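Atoms considered below: every heavy atom in the structure, side chains included; atoms not considered: hydrogens, waters and symmetry mates. Just so it is clear, the model here is predicted, and its values are computed rather than measured.
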Amino acid sequence: MSTETAQQPDKKRKFTFPSALTVLAVVTIAVWLLAFLIPSGQYDRNDAGAPVEGTYHRVPSGQSFVDRLNDLFLSPVNGLYGIQDAKTSLVGPDNSGDLYGSAGVFLFVLAIGAFITVVFATGALDRGIGLLAHRLRSRGALLIAGVMVVFSVLGTVEGFAEETLGFYGLIVPLMLALGYDRMTAVGAIILGAGVGVLCSTVNPFATGVASSAADISLGDGIVLRFVMWVVLTAVTVAYVIRYARRVQKNPERSLSGFLPGDRETSDAAEGEVPELTRLHQAVLVVTALVFAFMIFSVVPWASALTGDADATPYGFELGWSFPQLAALFLCAAVLVGLVARMGEQKISSTIIQGAADFVSPALVILLARGVTVIMNNSKITDTVLHAIEGVVKGTSSGIFAIIVFVVNLPLAFLIPSTSGHATLAMPILAPLADFAGVSRAVVVTAWEAASGWMNLWVPTTAVTIGGVALAKVGYDRYLRFVWPLLAILFILICAFVALGAAFT
């Protein structure tokens with residue numbers, strides 16, 4: 001070894017948590033191997049296709065090693081457009097029967113990605129939030145509440161998360177100018193959007209994907225989720241404001257501390273007012289109307305207003321699902337581009353770029369669905385379901401809902417992608433609700449609450465790690481700041497899902 005080589009310091013590679021695609025690839029192989037060890041079996045099904053409790057029995061899988069190898073090879077393809085044979089229940093791309101793959105959800109994710117990208121390309125949303133922050137700059141508590149509520153609304157309807165990273169350059173100086181600290185800005189941004197995602201009412205990447213995997217409507221359970229959103233958002237806003245006032249009154253109590261120049265920052269408060277033109281206003285109105293129409297189109301109004309799940313739908317109900325919603329957002333993307341006068345080439349290129357940016361979560365969905373195809377074809381899905389049935393059997397509906405929430409916490413850590421987590425877990429969890437006499441919508445709510453709660457703090461999400469880095473706040477300091485709120489939200493979530501299960 002040369003002296004020059006010996007004097008070079010050892011370069012230690014830092015561990016980085018694998019992406020959701022890598023995790024699901026590993027899960028796919030692991031499940032495929034486990035299928036050789038787990039006994040195959042199945043439940044009898046009722047007319048609706050739901051498993052009948054107490055009818056589980058062992059059956060041979062009927063698959064050779066070559067068949068299993070073929071399933072592994074085709075799992076992503078089957079996850080996209082696999083067809084389930086009506087007689088054998090096997091899934092394959094060349095079968096005749098019902099679509100088992102997630103092609104509808106896949107296209108929906110690309111469509112809403114195109115729409116969101118076009119909206120951001122107009123600059124209307126950024127300027128709208130900037131204008132709100134500037135106008136409330138002299139009223140600190142109202143500014144915090146206003147920013148958090150806007151972020152929470154965006155989180156609950158469209159999964160607003162990574163988009164928040166662009167607002168630290170605006171919010172951090174504003175908070176410092178008002179006598180707060182950097183942690184206040186972090187809390188307002190991460191927790192504002194995060195609690196909205198936690199209580200996703202119609203968020204297509206969480207509620208939408210989970211509802212599809214659970215074979216229910218996107219609007220099922222929206223009343224419970226809306227009440228949860230109101231209460232948990234109010235609690236979170238109050239928590240951040242309480243901390244901010246404490247720091248403003250006594251800066252020494254700041255958990256993040258102050259960097260040189262922080263106490264003298266006033267640029268944001270004195271900066272120019274962001275211009276919101278009539279075109280920007282029109283874009284914001286169109287965007288709000290599109291999401292409002294989406295909510296209207298998917299809500300089962302008769303069931304929601306009467307409380308009867310089997311109520312006859314009203315004449316004005318649309319009952320839309322993912323194919324119609326995908327078409328809605330593609331049309332809306334073009335409409336927003338026309339309203340903003342972007343021009344044909346700019347509209348086309350932005351839509352293509354938006355769809356491209358959302359290919360990653362779309363691929364996660366089909367990979368996760370491919371895992372369920374392997375389980376289905378090897379006939380171990382019902383065996384796993386039967387094993388979990390034995391754990392929850394005899395529990396009350398409220399305890400069952402809480403167990404679903406708690407069980408999903410470690411899964412949310414391993415698979416930070418909400419879409420992948422939902423597609424993977426729902427085929428197992430949703431039928432459990434039938435056994436417990438609980439609405440599948442409650443299982444969806446408990447699942448998304450677990451995913452959202454974990455994503456408020458886990459280091460595997462770019463929103464959290466990227467946010468504290470942009471705000472120049474230590475991650476350990478953020479954990480110290482957020483853990484009391486996490487405990488409060490944990491208790492409230494358990495109470496809500498338990499009550500939701502009890503009233504279904």
Checking [Y] against [X]: is there a side-chain donor and acceptor pair closer than 3.5 Å?
X      : Y      : value
Thr156 : Thr201 : yes
Gln281 : Thr277 : no
Gln353 : Thr117 : no

Notebook entry, point to check: Can Thr381 and Lys379 be said to form a side chain to side chain contact (heavy atoms under 4.5 Å, CB included), step by step?
Noted result: CA-CA 6 Å; Thr381 302; Lys379 297 183 180 179; over 6 Å; no
Any [X] side-chain heavy atom under 4.5 Å of [Y] side chain:
X      : Y      : answer
Gln42  : Tyr56  : no
Val197 : Asn203 : yes
Phe329 : Met294 : yes
Thr445 : Met228 : yes
Val444 : Asp220 : no

Can you measure from [atom1] ([X]) to [atom2] ([Y]) and round to the nearest 0.5 angstrom?
X      : Y      : atom1 : atom2 : value
Leu325 : Leu330 : CG    : CG    : 11.0 Å
Asp71  : Ile374 : CG    : CD1   : 6.5 Å
Leu110 : Ile351 : CG    : CD1   : 12.5 Å
Ser40  : Met375 : OG    : CE    : 12.5 Å
Ser451 : Leu198 : OG    : CG    : 8.5 Å
Ile403 : Leu429 : CD1   : CG    : 11.5 Å

Next item on the list: Might you work through the side chain to side chain contact (heavy atoms under 4.5 Å, CB included) test for Val227 and Phe496, ending with a clear yes or no?
Entry: CA-CA 9 Å; Val227 175; Phe496 269 110; 3.7 Å; yes
Note to self: Using 30° and 60° as the class boundaries, would you call the ring planes of Trp457 and Trp453 parallel, tilted or perpendicular?
What the structure shows: perpendicular
Note to self: Could you go through Phe405 and Phe490, starting from their C-alpha distance and side-chain angles, then the distance that decides it, and tell me whether this counts as ring-ring contact (aromatic ring centres under 6.0 Å, His included)?
What the structure shows: CA-CA 10 Å; Phe405 168 63; Phe490 187 96; 5.2 Å; yes
Note to self: Tell me if the centroids of the rings in Trp320 and Phe293 come within less than 6.0 Å of each other.
What the structure shows: yes
Note to self: One pair to check against ring-ring contact (aromatic ring centres under 6.0 Å, His included): Tyr43 and Phe435. What are the steps and the verdict?
What the structure shows: CA-CA 12 Å; Tyr43 284 93; Phe435 295 158; 5.3 Å; yes
Next item on the list: Decide ring-ring contact (aromatic ring centres under 6.0 Å, His included) for Phe115 and Phe120; before the verdict, give the C-alpha distance in whole Å, the side-chain angles of both, and the deciding distance to 0.1 Å.
Entry: CA-CA 9 Å; Phe115 172 74; Phe120 270 100; over 10 Å; no
Next item on the list: Tell me, with the steps shown, if Val77 and Leu80 meet side chain to side chain contact (heavy atoms under 4.5 Å, CB included).
Entry: CA-CA 5 Å; Val77 176; Leu80 181 62; 5.9 Å; no
Next item on the list: Evaluate the criterion side chain to side chain contact (heavy atoms under 4.5 Å, CB included) for residue pair Val463 and Asn455; output intermediate values, then yes/no.
Entry: CA-CA 8 Å; Val463 176; Asn455 285 333; over 6 Å; no
